[in-house]
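As the structure lists them, so they are numbered: ligands from 1, and atoms in each ligand from 1.
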Amino acid sequence: MKAAVLREVNKPLEIEDVQHGDPGPREVLVRTVAAGVCHSDLHFQNGAYPYALPVVLGHESAGVVEAVGDMVHYVKPGDRVITCLSAFCGHCEHCLTGHMSLCQAPELQRAPGEPPRLAKNGEAINQFLNLSSFAEYMLVHEHAIAKIREDMPLDRAALIGCGVTTGVGAVIHTAKVEPGSMVAVIGCGGVGLAAVNGAAIAGAVRVIAIDQVPSKLELARTFGATDLVNAAEVDPVQAVRELTGGGVHHAFEAIGLKVTAQQAFKMVGRGGTATIIGMIPVGTMVEIHGPELLAEKKLQGSNMGSNRFRVDMPRFVDFYLQGKLHLDEMISGRIGLADVNDAFAQLQTGEVARNVILFE
Ligand SMILES: NC(=O)c1ccc[n+]([C@@H]2O[C@H](COP(=O)([O-])OP(=O)(O)OC[C@H]3O[C@@H](n4cnc5c(N)ncnc54)[C@H](O)[C@@H]3O)[C@@H](O)[C@H]2O)c1
Ligand SMILES: [Zn+2]
Ligand SMILES: [Zn+2]
């Protein structure tokens, strides 16, 4: 099968012929139909986050079950699924206390000594975050997929695989935004737009979208933003304080920078919470002004929207089909696998919401 392989940090992905194994116990072979290009893929491509190489990147996808291994009862060939990197074991402390997105059980991957899921002529290729979606097939643990209804278009379903689950989940699960809250979202890429949309669904009375690219701010309005702040023109902290008379209840950072994480903390009012979604590079420290903690301000991280994805993803599909989630507007381009390096270049400009790779 064709797959996009990262062999060296900061080098283009190479489209190579890679082999996948047969599904073993509890494994599912999925034919990839669509895969979104998320900024997190870029963080691993450029080394901001290290990963064992060579690796097939990609982690935001949807497809059709091709074959299942022993003991798989959840899906059968022909079922439509969304993948999720938050594969869960179901019996660790995190899983049993309802925090499945924090599960790190090693059993979701094949054990050392077993044949690898991905290989090229005998050379093992690493699987990325339990998935490796930039490939025509994915061989995954059955706990890395959610089954969805048949009438959901799979190019838009792919977006739910990471960006939507992350952005909406940060709002409704991690931060538990109450109806009537005032919310600010810094960064209007796929993840930030999903957070804006999630805030609107949660009943936020004000949703302030912040970006540096005017077209992204306009797009944010479609997703439910009530106010727009161009951070290239004004100080976003001051702008949010003025718009809200002292600060928002919830700020979300959806970029992955020290400066914007600090802005998120500064723009929440007394008792408010800043939730950092962006992947801040390894080694970077985030600073806050200590006395602001006396105002009971909180700073927290959010991983994959604190999801329970087998419950969440079918609900997000329903939201889309009811017109509440704006996935059509999130797709900036439909591209081929060979265009993946161009999609990475576009991500750096901030101009795109999501490029989606189509495999058919
Ligand atoms: N926590 C998680 O589980 C999780 C999951 C998925 C993605 N992420 C991370 O979320 C972040 C966003 O991902 P994405 O795919 O939406 O990225 P993206 O590149 O599509 O969007 C980033 C947006 O931020 C804007 N921006 C850049 N610098 C800015 C600044 N200084 N001020 C205001 N706006 C600015 C850009 O114009 C762009 O619109 C990334 O760091 C990604 O790795 C985290
Ligand atoms: Zn992602
Ligand atoms: Zn677990």
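Between Phe134 and Phe128, the distance from one ring center to the other does not fall under 6.0 angstrom.
Residue Ser302 has at least one nitrogen or oxygen atom sitting less than 3.5 Å from a nitrogen or oxygen atom of ligand 1, judged on distance alone. The N/O atoms of Gly305, backbone and side chain alike, include none that comes under 3.5 Å of an N/O atom in ligand 1. Residue contacts with ligand 1: Met304 is placed with a nitrogen or oxygen under 3.5 Å of a nitrogen or oxygen of the ligand (distance criterion only). Not a single N or O atom of Cys162, backbone or side chain, sits closer than 3.5 Å to an N or O atom of ligand 1.
Our summary of the site lists the angle at the Zn ion (ligand 3) between SG of Cys95 and SG of Cys89 as 110°, to the nearest 10 degrees.
If you number the atoms of ligand 1 from 1 as listed, the ones under 4.0 Å from a heavy atom of Gly189 come out as 16 (O), 18 (P), 20 (O), 21 (O), 23 (C), 39 (O). Residue Ser40 has at least one heavy-atom neighbour below 4.0 Å for each of these atoms of ligand 1: 6 (C), 7 (C), 8 (N), 9 (C), 42 (C), 43 (O). Close contacts between ligand 1 and Val213 involve ligand atoms 37 (O) [criterion: under 4.0 Å to a heavy atom]. Shown in contact with Gly190 at under 4.0 Å from a heavy atom are these atoms of ligand 1, numbered in order with element: 16 (O), 20 (O). Counting atoms of ligand 1 from 1 in the listed order, those under 4.0 Å from a heavy atom of Gly278 are 9 (C), 10 (O), 11 (C), 41 (O). Residue Cys188 has at least one heavy-atom neighbour below 4.0 Å for each of these atoms of ligand 1: 23 (C), 39 (O). For ligand 1, the atoms lying closer than 4.0 Å to a non-hydrogen atom of Gly187 are 24 (O).
Residues Val140 and Val33 fall into different hydrophobic clusters, defined by Ile, Leu, Val, Met, Phe, Trp and Tyr side chains chained together at heavy-atom separations under 4.5 Å. When hydrophobic clusters are built by joining Ile, Leu, Val, Met, Phe, Trp and Tyr residues whose side-chain heavy atoms come closer than 4.5 Å, directly or via intermediates, Ile277 is not grouped with Met279. By the rule that hydrophobic residues join a cluster once side-chain heavy atoms approach within less than 4.5 Å of another member, Val240 and Val177 end up as members of separate clusters. At a threshold of 4.5 Å between side-chain heavy atoms, the hydrophobic network of Ile, Leu, Val, Met, Phe, Trp and Tyr places Met152 and Val30 in two separate groups. Ile160 and Met100 end up in the same hydrophobic cluster when Ile, Leu, Val, Met, Phe, Trp and Tyr side chains are linked at under 4.5 Å.
The nearest protein atom to atom 31 (N) of ligand 1, hydrogens excluded, is given as Gln212 NE2, 3.4 Å; this is a heavy-atom distance. The protein non-hydrogen atom at the shortest distance from atom 44 (C) of ligand 1 is Ile277 O, 3.1 Å. Looking only at protein heavy atoms, the nearest one to atom 18 (P) of ligand 1 is His39 ND1, 3.6 Å. Among all protein heavy atoms, the one lying closest to atom 25 (C) of ligand 1 is Asp211 OD2, 3.3 Å.
His91 and Glu107 are linked by a side-chain donor-acceptor pair at a separation below 3.5 angstrom, with hydrogens and angles left out of the test. Checked by atom type, the side-chain pair Gln322/Lys324 shows a donor-acceptor distance below 3.5 Å. Thr275 and Ser302 share no side-chain donor-acceptor pair at under 3.5 Å. Checked by atom type, the side-chain pair His173/Asn307 shows no donor-acceptor distance below 3.5 Å.
For a distance bound of 2.8 Å, the N, O or S atoms of His39 include none lying that close to the Zn ion (ligand 2). Contact annotation: Cys92 places an N, O or S atom under 2.8 Å from the Zn ion (ligand 3). With 2.8 Å as the limit, His91 does not count as an N, O or S neighbour of the Zn ion (ligand 3).
Annotation: ring pair (Phe, Tyr, Trp, His ring centres under 6.0 Å) contacts involving residues 202-240, sequence neighbours excluded, comprise Phe223-His326.
At distances below 3.5 Å, not a single donor-acceptor pair connects side-chain atoms of Thr260 with backbone N or O atoms of Glu253. A donor-acceptor pair under 3.5 Å links the side-chain atoms of Arg241 to the main chain of Gly246, judged by distance alone.
Scanning Leu85, Ile255, Val191, Thr165 for the heavy atom closest to atom 40 (C) of ligand 1 points to Ile255. Distances from atom 22 (C) of ligand 1 to the heavy atoms of Ala194, Gly192, Gly350, Ala254 put Ala254 nearest.
Restricting His59 to its N/O/S atoms, the shortest distance to the Zn ion (ligand 2) is reached by NE2.
Judged by the shortest distance from any of its heavy atoms, Arg354 lies inside the 4.0 Å radius around the atoms of ligand 1.
Using the six-membered ring where Trp is involved, His20 and Tyr137 have ring planes that are tilted, between 30° and 60° apart.
Under 4.0 Å from ligand 1, the heavy atoms of Thr166 that appear belong solely to its side chain. Only the side chain of Lys216 comes within contact range of ligand 1, with a heavy atom under 4.0 Å; no backbone atom does.
With a 6.0 Å cutoff to the six-membered ring centre and a 45° limit on the axis angle, Arg310 counts as a cation-pi contact of Tyr74.
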